[in-house]
There are 2 protein chains.
Amino acid sequence: MTDHERLSGFLQDHGIQPSAQRVAIARFVLHTDRHPTADEVLAEVRRDFPMVSRATVYNTIRLFMEKGLLRIHQLEGGVAVCDANTARHHHFIDEDTGEIVDVPWDAVDVGRLDELAGLSVDSWMVVMRGRRRREPPSRD
Amino acid sequence: MTDHERLSGFLQDHGIQPSAQRVAIARFVLHTDRHPTADEVLAEVRRDFPMVSRATVYNTIRLFMEKGLLRIHQLEGGVAVCDANTARHHHFIDEDTGEIVDVPWDAVDVGRLDELAGLSVDSWMVVMRGRRRREPPSRD
DNA sequence: TTCCAGTTTTAGACATATTCTAAAATCAAA
DNA sequence: TTTGATTTTAGAATATGTCTAAAACTGGAA
Ligand SMILES: [Mn+2]
Ligand SMILES: [Mn+2]
Ligand SMILES: [Zn+2]
Ligand SMILES: [Zn+2]
């Protein structure tokens with residue numbers, strides 16, 4: 001079974017009529033741990049599929065979001081980014097590079113959100129800022 | 001002492017040359033617990049000062065930010081909002097109204113940010129989403 | 001006071017991100 | 001094959017924010 005066939009079936013399983021454009025976009029945006037902007041998706045998809053239009057990329061990203069295949073965040077800079085990680089998690093933003101890094105849900109403790117008077121909290125996320133740290137050399 | 005004189009001195013104390021426009025913008029944006037967008041600031045300031053320009057509002061908001069009088073957040077919807085609360089705090093977004101509500105720093109526990117491998121966290125904020133809850137009637 | 005150099009404001013152009021429109025292309029089903 | 005619905009497309013439109021260069025203003029020096 002080809003990669004295209006597998007992705008095609010995956011889209012169908014989620015109620016999305018597959019098309020060549022949608023499969024090409026899915027291949028890039030649903031299998032990355034980066035957080036690409038629509039323009040980055042467009043540029044990447046055009047490498048293999050040069051005639052794809054900007055409108056299709058925006059339409060398809062929104063469709064994938066509506067079908068629950070990705071999330072869209074506005075974390076900074078007036079640009080929306082796609083997030084293929086649909087499980088709950090937190091985000092770290094490298095202030096030098098702008099890179100957005102996923103932080104596992106269980107790696108951070110958040111408490112007492114149920115005690116906020118007058119606010120019914122349905123979901124939450126910790127947004128951290130800082131710099132990536134060089135790992136200290138491991139002495140195995 | 002008039003309100004204008006007080007604000008004027010406040011701006012001077014922070015290294016900002018006061019002008020009629022800057023005082024009018026400061027009056028609205030530095031004394032609110034809402035989180036207005038630049039366009040909301042423009043509309044509000046124009047009620048008293050109809051000839052103020054959009055460029056001046058953007059320039060002044062940025063100047064106030066550079067001088068530490070407010071912060072700017074990108075919380076959702078591709079619009080930047082002004083935050084006159086410069087102390088550390090968290091944010092709750094009402095998903096029905098879009099309203100942004102400040103949550104005191106000490107009302108939420110956040111832990112283990114220092115244990116994230118490879119990430120040096122300088123600052124963080126919890127972004128919560130949900131609905132405002134009607135207060136239950138207090139039986140005093 | 002008047003003058004002047006620096007600062008501030010302004011309208012509008014420009015830039016960027018996203019959505020909308022309406023026609024063309026494609027597709028699925030009969 | 002026909003056909004009606006869906007999808008894609010180029011480009012226009014909209015939304016948010018920045019830049020430019022000229023005009024207006026300001027605070028001291030003369
Ligand atoms: Mn804040
Ligand atoms: Mn935008
Ligand atoms: Zn993520
Ligand atoms: Zn706030």
Side-chain angles (χ1 to χ4, degrees), chain A residues 4-5 7-9 11-12 14-26 29 35-46 48-67 70-83 98 100, chain B residues 4-5 7-9 11-12 14-27 29 35-46 48-67 69-83 98 100:
Chain A
H4 183 102
E5 285 164 349
L7 272 167
S8 212
L11 293 183
Q12 268 175 322
H14 288 81
I16 294 168
Q17 183 65 34
S19 69
Q21 289 90 336
R22 284 172 178 174
V23 169
I25 292 167
V29 86
H35 294 77
T37 66
D39 252 31
E40 287 167 352
V41 174
L42 180 67
E44 188 68 23
V45 170
R46 274 189 173 162
D48 288 329
F49 206 137
M51 66 298 296
V52 76
S53 77
R54 187 178 309 273
T56 294
V57 169
Y58 275 100
N59 289 343
T60 302
I61 287 171
R62 191 194 305 190
L63 178 67
F64 288 176
M65 181 194 54
E66 287 165 358
K67 297 300 186 180
L70 57 77
R71 291 177 194 223
I72 296 178
H73 305 295
Q74 305 266 351
L75 289 174
E76 68 169 16
V79 195
V81 298
C82 302
D83 192 341
I100 299 169
Chain B
H4 183 102
E5 285 165 349
L7 272 168
S8 212
L11 294 183
Q12 269 174 322
H14 287 81
I16 295 168
Q17 183 66 33
S19 71
Q21 290 90 335
R22 286 172 177 175
V23 169
I25 292 167
R27 175 146 42 218
V29 87
H35 294 78
T37 66
D39 253 30
E40 287 167 353
V41 175
L42 179 67
E44 187 68 22
V45 170
R46 273 189 173 162
D48 288 330
F49 205 136
M51 66 297 299
V52 76
S53 78
R54 187 177 310 269
T56 294
V57 168
Y58 275 100
N59 289 342
T60 302
I61 287 171
R62 190 195 306 190
L63 178 66
F64 288 177
M65 181 194 53
E66 286 164 0
K67 297 299 186 180
L69 302 185
L70 57 77
R71 291 177 194 222
I72 296 178
H73 305 297
Q74 304 265 353
L75 289 174
E76 68 167 15
V79 195
V81 298
C82 302
D83 192 341
I100 298 168

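Throughout, protein chains are lettered first and strands after them, A, B, ... in sequence-line order, and every chain is numbered starting at 1.
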Task: Distance, rounded to the nearest Å, where A:Glu66 contributes CD and D:dT7 contributes P - done: 12 Å
TODO: Take atom CG of A:Leu42 and atom C1' of C:dT16, then tell me their distance rounded to the nearest Å.
DONE: 14 Å
Open item on the list: Restricting to side chain to side chain contact (heavy atoms under 4.5 Å, CB included), what partner residues turn up for B:Gln74, sequence neighbours left out?
Closed with: B:Ala80
Task: A:Ser19 side-chain N/O to C:dC27 phosphate OP1/OP2 under 4.0 Å - done: no
Task: Rounded distance [0.5 Å steps], CZ in A:Phe49 versus CG in A:Leu42 - done: 12.0 Å
Task: Per-nucleotide protein contact string for nucleotides 9-28 of chain D, where B marks a base within reach and S marks sugar-phosphate only (heavy atoms under 4.0 Å, - for neither) - done: BB-----SBBB-------S-
TODO: Identify, with sequence neighbours excluded, every residue that meets side chain to side chain contact (heavy atoms under 4.5 Å, CB included) alongside A:Ser19.
DONE: A:Gln21, A:Arg22
Open item on the list: Can you measure B:Phe64 atom CZ to C:dT8 atom P for me and round it to whole angstrom units?
Closed with: 12 Å
- [ ] Output all residues satisfying side chain to side chain contact (heavy atoms under 4.5 Å, CB included) with A:Val79, sequence neighbours left out; order by chain, then residue number.
- [x] A:Thr37
Open item on the list: Under the rule for salt bridge (Lys or Arg N to Asp or Glu O under 4.0 Å), what residues qualify as partners of B:Arg46, not counting sequence neighbours?
Closed with: none
- [ ] Would you please name every residue forming a ring-ring contact (aromatic ring centres under 6.0 Å, His included) with A:His14, sequence neighbours left out?
- [x] A:Phe10
